[in-house]
Protein chains: 2
Amino acid sequence: MKPRKIYNRIPVFRNERNLSRQDLADLVGVNYQTIGYLEREEYNPSLDLAFRIAEVFGLPVDMVFSTKPMKPLSEVLRDHLEKEGD
Amino acid sequence: MKPRKIYNRIPVFRNERNLSRQDLADLVGVNYQTIGYLEREEYNPSLDLAFRIAEVFGLPVDMVFSTKPMKPLSEVLRDHLEKEGD
DNA sequence: GTGTTTTGTTGTAAATTTACAACACCCAAG
DNA sequence: CTTGGGTGTTGTAAATTTACAACAAAACAC
């Protein structure tokens with residue numbers, strides 16, 4: 001099964017928290033270059049690594065990784081706010 | 001990074017829909033034995049495979065896979081219903 | 001009973017992910 | 001200018017996941 005490319009918001013969430021790749025790598029327990037590969041989307045993380053990264057940001061996996069290109073968070077937020085006011 | 005074991009509800013959702021492993025395997029495009037390995041939790045799926053399986057069931061990844069042992073769905077449902085009536 | 005489908009098990013090979021090292025580049029601080 | 005942090009790139013080796021085949025056991029229909 002040739003894996004599809006999976007998109008992610010790692011850089012967004014990482015920068016928001018002023019973490020270096022090394023910092024994030026330490027938090028999840030991988031090499032800092034592995035974070036680089038993931039941010040450049042050169043390969044997909046394992047499911048466990050995806051869970052670890054999502055846990056660091058306190059988010060569900062689907063909010064950090066997606067099978068389709070990531071919408072800007074502002075849009076996600078707007079859509080969510082709209083739905084609340086129905 | 002030695003991966004943690006990841007738990008899943010594949011058998012629950014698969015049986016609910018009366019799918020054989022072969023059926024599910026065809027739907028996601030892997031060998032039927034791969035589904036067997038996952039159900040027995042002998043190894044973790046790749047992130048892409050996890051997404052494919054979750055998509056078949058129309059659920060977010062975190063509802064099908066988890067880092068911690070799976071609660072029975074009845075509990076999940078009960079907790080969710082409770083939260084609605086607050 | 002026989003026959004068929006589903007599942008479990010074992011083994012090997014391929015593909016993908018992760019680790020690690022080495023080096024270059026950029027850029028902000030001093 | 002120069003030092004250092006953060007990042008990108010290349011290459012190799014290890015670990016994990018997937019495919020596939022072959023066969024046995026279990027469940028089910030006929």
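In the text below, chain A, chain B and the rest are named by the order of the sequence lines, each starting its count at 1.
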Participant: Using only atom types and a distance under 3.5 Å, with no angle test, would you say the side chain of B:R9 pairs donor to acceptor with the backbone of B:K71?
Facilitator: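 Here the side-chain-to-backbone pair exists.
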
Participant: What is the per-nucleotide protein-contact pattern of nucleotides 13-26 of chain D, from the 5' end, where B denotes a base atom under 4.0 Å from a protein heavy atom, S denotes such proximity for sugar-phosphate atoms only, and - denotes neither?
Facilitator: ---SSBSBBB----

Participant: Look up atom CG in A:L49 and atom CD1 in A:I53, then write down how far apart they are to the nearest 0.5 Å.
Facilitator: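 If we round to the nearest 0.5 Å, A:L49:CG and A:I53:CD1 are 4.0 Å apart.
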
Participant: For a quick test of reading the model: is some side-chain N or O of B:R40 closer than 4.0 Å to OP1 or OP2 of C:dT10?
Facilitator: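 B:R40 to C:dT10 OP1/OP2: no side-chain N or O under 4.0 Å.
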
Participant: Between A:Q22 (CD) and D:dG4 (P), how many Å, whole number?
Facilitator: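 To the nearest whole Å, that distance equals 17 Å.
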
Participant: Between B:N18 and B:D23, what is the shortest heavy-atom contact and its length?
Facilitator: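 Closest approach of B:N18 to B:D23, heavy atoms only: O-OD2, 4.3 Å.
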
Participant: State whether A:R52 and A:D48 are salt-bridged, where the test is any N-O pair (Lys NZ or Arg NE/NH1/NH2 against Asp/Glu carboxylate O) under 4.0 Å.
Facilitator: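 A salt bridge links A:R52 with A:D48.
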
Participant: If I take atom CG in residue A:N18 and atom P in nucleotide D:dG5, what distance separates them, rounded to the nearest angstrom?
Facilitator: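 One finds 17 Å between P of D:dG5 and CG of A:N18, rounded.
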
Participant: So B:Y37 and B:Y43, would you call those rings parallel, tilted or perpendicular, with 30° and 60° as cut-offs?
Facilitator: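 Ring orientation of B:Y37 relative to B:Y43: parallel.
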
Participant: For A:L19 and D:dG5, give me the distance from atom CG to atom C1', rounded to whole Å.
Facilitator: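 Distance check: A:L19 CG to D:dG5 C1' gives 15 Å.
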
Participant: Using modelled atom types only, decide if a donor and an acceptor are shared between the side chain of B:N8 and the backbone of B:E41 within a distance under 3.5 Å.
Facilitator: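 Not a single qualifying donor-acceptor pair exists.
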
